[in-house]
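Everything on this sheet refers to the single structure shown next.
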Amino acid sequence: EELNLPEKYIAVQIRRGDKVAGNRKESVEMTGRDFAQEALKHVSPGGPTVIIACSDDRSAAEELGNAVGRRAEVRWRKRQDVPENLRNGHWQADYNALSAKQR
């Protein structure tokens with residue numbers, strides 16, 4: 001509902017934070033340009049023209065949007081209620097340090 005999804009869309013999950021860096025690293029980091037290049041292969045007239053960025057890193061979604069430019073529309077949850085320090089990738093140690101009320 002928040003993203004007003006069309007019938008056809010492309011969803012991209014962008015991992016950042018401790019998923020791609022530090023001791024808990026699980027994957028290599030890809031740039032917004034990397035994700036844009038792959039997602040745009042599936043954009044077509046009559047097909048999907050909206051790309052949904054799924055990420056806990058607002059800057060990653062913005063980076064994808066900038067890389068896509070006007071070739072498609074990129075949407076993501078704005079998550080206004082999340083503390084600023086948690087909007088740029090998930091770092092489990094930082095999250096664990098918050099009080100239960102802050103989480």
Side-chain angles (χ1 to χ4, degrees):
E1 184 175 294
E2 177 183 347
L3 295 174
N4 192 25
L5 296 175
E7 184 177 318
K8 298 177 183 179
Y9 60 91
I10 299 159
V12 178
Q13 182 172 359
I14 304 173
R15 306 304 296 263
R16 296 281 172 91
D18 61 8
K19 295 293 183 186
V20 297
N23 294 337
R24 299 175 59 100
K25 180 178 177 176
E26 297 176 9
S27 179
V28 297
E29 184 171 356
M30 294 176 58
T31 67
R33 184 175 304 270
D34 295 329
F35 281 103
Q37 182 178 357
E38 293 303 315
L40 287 169
K41 291 178 183 178
H42 304 281
V43 170
S44 64
T49 59
V50 173
I51 301 170
I52 304 302
C54 305
S55 183
D56 56 6
D57 186 327
R58 183 182 60 200
S59 66
E62 292 168 348
E63 184 182 327
L64 173 63
N66 290 335
V68 166
R70 295 178 182 224
R71 295 172 284 182
E73 180 184 352
V74 177
R75 301 179 190 174
W76 62 89
R77 286 183 60 210
K78 302 304 186 223
R79 299 185 66 192
Q80 300 299 330
D81 58 331
V82 176
E84 189 63 35
N85 65 325
L86 295 180
R87 290 186 182 176
N88 293 306
H90 180 78
W91 292 88
Q92 190 64 44
D94 292 347
Y95 180 81
N96 292 346
L98 295 173
S99 69
K101 185 176 181 178
Q102 291 173 305
R103 294 183 191 174

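The figures that follow rest on heavy atoms only: side chains count, while hydrogens, waters and symmetry mates do not.
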Give me the other members of the hydrophobic cluster that V28 sits in, counting Ile, Leu, Val, Met, Phe, Trp and Tyr linked by side-chain heavy atoms under 4.5 Å, directly or via other members. none
Are side-chain heavy atoms of I14 and D57 found at a separation under 4.5 Å? no
Please round to the nearest 0.5 Å and tell me the distance separating atom CD1 of I51 and atom CZ of R71. 8.5 Å
Once you round to the nearest 0.5 Å, how far does CG of L3 lie from CD1 of I52? 5.0 Å
With rounding to the nearest 0.5 Å, note down the distance linking NE2 in H42 to NZ in K8. 14.5 Å
Under 4.5 Å between side-chain heavy atoms, counting indirect links through other Ile/Leu/Val/Met/Phe/Trp/Tyr residues: same cluster for L64 and V43 or not? yes
Find the distance between OG (S55) and CD (Q13) and round it off to the nearest 0.5 Å. 8.0 Å
L40 side chain reached by V68 side chain, heavy atoms, under 4.5 Å: yes
Side-chain contact, heavy-atom cut-off 4.5 Å: R75 with N4? yes
W76 to A53 - nearest heavy-atom pair and separation: CB-O, 3.5 Å
Could you give the distance from CE (M30) to CD (E63), rounded to the nearest 0.5 Å? 11.0 Å
